[in-house]
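Since the structure comes first, as structure tokens, the remarks are kept for the end.
Counting from 1, the numbers follow the sequence of the chain as shown.
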Amino acid sequence: MLIKKTRSLCPTCNSVVEAEIVEEEGKIWLKRTCPAHGSSRHLYWSDARMYHRFQEYDAVGNGIANPQNTAPPESCPTACGLCNNHHSMTLLANIDLTNRCNLDCDFCFANARACGFVYEPSFDEVVRMLQLLRDEKPVPCPAVQFSGGEPTMREDLADIIRKAKAMGFPQVQIASNGVKLAKDPELARQLKDAGLSTVYLHFDGVSPETNPYLKIHIQALENLKNVGLGTVLVPTVIRGRNDKELGDIIRFAVANIAVVRGINFQPVAFTGAASDEDLQKSRITIPDVLAEIEEQMGGVLKKDDFYPVPCVLPFSDLVEAYTGRPQVRFTAHQHCGAATYIFAREDGIVPVNRMVDVDSFFESIEQMAETLKKGGTINKYKALLEGVKNMHNSVSKGEQAATTEFWKLISKGLIGQNFDALREFHWNALFIGTMHFMDKYNYDLERVQRCCIHYATPDGKLIPFCTYNSGPVYREQVWKKFAKKPEE
């Protein structure tokens, strides 16, 4: 059954071709035909029912008001960026600080040894990239993640973090393998003092078989906990390698909730050469990940507990209507990721939607926003009174009787405008998310145009994640263009 038409890439020659998203055998497939290389069909989503549930949250944004490039619609994905055809603003920006690394992992977006040269933008170049992000309109980019390579290889990392905070980024993160953070406890303190918000720690499993760097990661987490620096575990999920440890990773995170704020499971993307056998053996999609979590957690955490990113748009609408100021809008494609929160309690974990009727809660937020948009002081008070009542009803409908924690968060954060309360929320709550970045086999240009995770480059461009790392692979172009010197 045809669901929609889109455009994709030929997995052989990377040419842009017409494509179809179809439902067959209870799964969602991407089909296309290249004039030179014939037809191909690859798995897009493994659960059609879940695909259609997430489709209900479809929300196309307006992009940014000051794109870096103007191009005709048919030029995607070769006109990045961001171009005038892009529909989402930057929620999270990546800046590669280096392609040097002190590990050599087999599944990696970036491998300096394979490059044969060093890419490492200067401090001033990094500042210009940060300024590009803060200059976005109508809302400056709120979060930046310094990546690589391994960003802790930079001697000036703390200075870069300090500068990012001074330029107004509320969230400053690094993506790290943890090696230097484990070896040097003082490094964690230096980065925290510089203003680092979160460490995204590559963490593939809880056993030596799935994670040969487990001891390093445990020591890194200890050092990060000692300085109060929150961490998100980032496992690359590969079928047949570590997909049977997803429940154990969640339990590990709960046991270390003093330092672990969340988990971001990333199904493997085949950004290099891959055979049909590799795809059949190792491909895992978001529904597969969530099904494994449900089974391995004994049903305590279920597939239906997860929601797509655009589900939180009502919050943006509410704050925008209340303050009269443009807000960050979460218009990522509904099939790019899924997430939920779980509360860690003495008697076990409780997903947030056991404590609140999430759908009716979102509806109450939408109603508040619509009332506020009508303007006037009376409408503002009316919206708040009705909203508090409706949110309270939503929480009361939850499956769990103990809803004090959630109501405390809502009353302080949304009604009292005390957003510092969200920090309290994180001390007993764990974010569980999954984001499946595309490769040339499941490449959907509609998703590219909705991407909200962008790379900033030294030549003043913002490039969507999945065109930077696959498809045209802008990463290679950028690194070669700004290579510093041959690697010795």
Side-chain angles (χ1 to χ4, degrees), residues 7-17 34 37 68-69 71 75-83 86 90 92-122 125-126 128-129 132-133 144-151 153-154 175 177 202 236 266 268-275 278-279 435-445 447-449 451 453-488:
R7 289 187 299 154
S8 183
L9 299 177
C10 169
T12 302
C13 67
N14 268 358
S15 298
V16 176
V17 294
C34 173
H37 300 101
Q68 290 79 47
N69 191 20
S75 61
C76 185
T78 59
C80 297
L82 290 179
C83 83
H86 201 82
T90 310
L92 171 65
N94 281 354
I95 294 180
D96 283 338
L97 293 185
T98 181
N99 67 346
R100 292 185 294 136
C101 189
N102 45 12
L103 291 180
D104 189 17
C105 305
D106 55 350
F107 278 92
C108 180
F109 285 121
N111 188 335
R113 296 181 183 180
C115 292
F117 58 82
V118 171
Y119 167 82
E120 198 158 287
S122 67
E125 287 175 322
V126 173
R128 286 196 291 272
M129 287 186 266
L132 173 69
L133 295 162
V144 62
Q145 182 174 116
F146 296 115
S147 52
E150 171 55 42
M153 302 287 283
R154 294 268 308 223
N177 59 33
H202 186 73
T236 299
Q266 295 183 356
V268 63
F270 295 93
T271 54
S275 65
D278 292 330
L279 292 172
M435 181 72 71
H436 194 175
F437 298 112
M438 293 186 293
D439 50 47
K440 60 186 179 181
Y441 305 99
N442 58 10
Y443 205 86
D444 179 0
L445 286 184
R447 279 184 58 186
V448 169
Q449 292 177 337
C451 180
I453 303 176
H454 305 146
Y455 280 85
T457 66
D459 52 358
K461 294 181 178 179
L462 298 175
I463 300 175
F465 191 102
C466 288
T467 54
Y468 192 76
N469 292 301
S470 60
V473 194
Y474 282 93
R475 178 192 291 278
E476 294 178 3
Q477 301 175 31
V478 171
W479 283 12
K480 288 178 181 178
K481 182 178 180 179
F482 293 93
K484 297 300 182 184
K485 59 182 181 296
E487 190 175 46
E488 297 177 358

| message | Determine whether Phe465 and Leu92 satisfy the following criterion, side-chain contact (heavy atoms from CB on, under 4.5 Å), listing intermediate values before the conclusion. | response | CA-CA 10 Å; Phe465 191 102; Leu92 171 65; over 6 Å; no
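- Residue Met438 comes nearest to Cys466 through the heavy atom pair N-SG, 3.1 Å, listed as atom of the first residue, atom of the second, then distance.
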| task | Walk me through it: do Val144 and Met129 pass the test side-chain contact (heavy atoms from CB on, under 4.5 Å)? | result | CA-CA 10 Å; Val144 62; Met129 287 186 266; over 6 Å; no
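- You'll find the side chain of Cys80 reaches within 4.5 Å of the side chain of Pro464, heavy atoms only.
- With contacts defined as side-chain heavy-atom distances shorter than 4.5 Å, the pair Thr12/Cys34 does not qualify.
- Between the Arg128 side chain and the Gly460 main chain, no donor and acceptor come within less than 3.5 Å of each other.
- When all heavy atoms of Leu133 and Ile95 are compared, the pair lying nearest together is CD1-CD1, 4.2 Å.
- Annotation: salt bridge (charged side-chain N to carboxylate O under 4.0 Å, His left out) contacts of Lys480 (sequence neighbours excluded): none.
- When all heavy atoms of Val17 and Cys10 are compared, the pair lying nearest together is CG2-N, 4.0 Å.
- What you find for His202 and Thr236 is that their closest heavy atoms are CE1-OG1, 3.5 Å.
- For the pair Pro151/Gln145, no side-chain contact is recorded, criterion being any heavy-atom separation below 4.5 Å from C-beta on.
- Thr90 contributes atom OG1, which lies 8.0 Å from atom CG of Leu132 (distance to the nearest 0.5 angstrom).
- Asn99 contributes no side-chain N or O that, together with a main-chain N or O of Gly149, makes up a donor-acceptor pair within less than 3.5 Å.
- Checking side-chain atoms of Thr98 against main-chain N and O of Gly148 turns up no donor-acceptor pair under 3.5 Å.
- Residues Leu462 and Gln68 are in side-chain contact: their nearest non-hydrogen atoms beyond the backbone lie under 4.5 Å apart.
- Ring orientation note: the planes of His86 and His454 are nearly perpendicular, at an angle over 60° on the 30°/60° scale.
- With sequence neighbours excluded, no residue forms a salt bridge (charged side-chain N to carboxylate O under 4.0 Å, His left out) with Asp444.
- Look at Glu120 and Arg100 and you find a salt bridge, because one of the NZ, NE, NH1 or NH2 atoms lies within 4.0 Å of a carboxylate O, short of that distance.
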| Val268 vs Asp439, side-chain contact (heavy atoms from CB on, under 4.5 Å): CA-CA, chis, key distance, verdict | CA-CA 9 Å; Val268 63; Asp439 50 47; over 6 Å; no
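- Between Cys101 and Met153 the shortest side-chain heavy-atom distance does not fall below 4.5 Å.
- Formation of a donor-acceptor pair under 3.5 Å by the Ser470 side chain with backbone atoms of Thr467 is not found in this model.
- Note that the CD atom of Glu476 and the OH atom of Tyr119 stand 13.5 Å from one another [nearest 0.5 Å].
- Counting only heavy atoms from C-beta outward, the side chains of Ile463 and Arg475 never approach each other to under 4.5 Å.
- The minimum heavy-atom distance linking Thr457 with Tyr468 is given by the pair CG2-CE1, 4.1 Å.
- Of the residues listed (Asp96, Asn94, Leu97), the one engaging Phe146 in a side-chain contact (heavy atoms from CB on, under 4.5 Å) is Leu97, and it is the only one.
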| task | Output, in order, the C-alpha distance, side-chain angles, deciding distance and verdict of side-chain contact (heavy atoms from CB on, under 4.5 Å) for Cys76 and Gln449. | result | CA-CA 8 Å; Cys76 185; Gln449 292 177 337; 3.7 Å; yes
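- Under the 4.5 Å side-chain criterion, counting only non-hydrogen atoms from C-beta, His37 is not in contact with Ser15.
- One N or O on the side chain of Ser122 and one on the backbone of Glu125 form a donor-acceptor pair closer than 3.5 Å.
- Atoms OH and CG, from Tyr443 and Leu9 in turn, are 5.5 Å apart once rounded to the nearest 0.5 Å.
- Nearest heavy atoms, Ala79 versus Asn69: O-ND2, 2.6 Å.
- Applying the salt bridge (charged side-chain N to carboxylate O under 4.0 Å, His left out) rule to pairs touching residues 462-471 yields nothing, sequence neighbours excluded.
- Taking the side chain as every heavy atom from C-beta outward, Tyr455 and Asn469 approach each other to under 4.5 Å.
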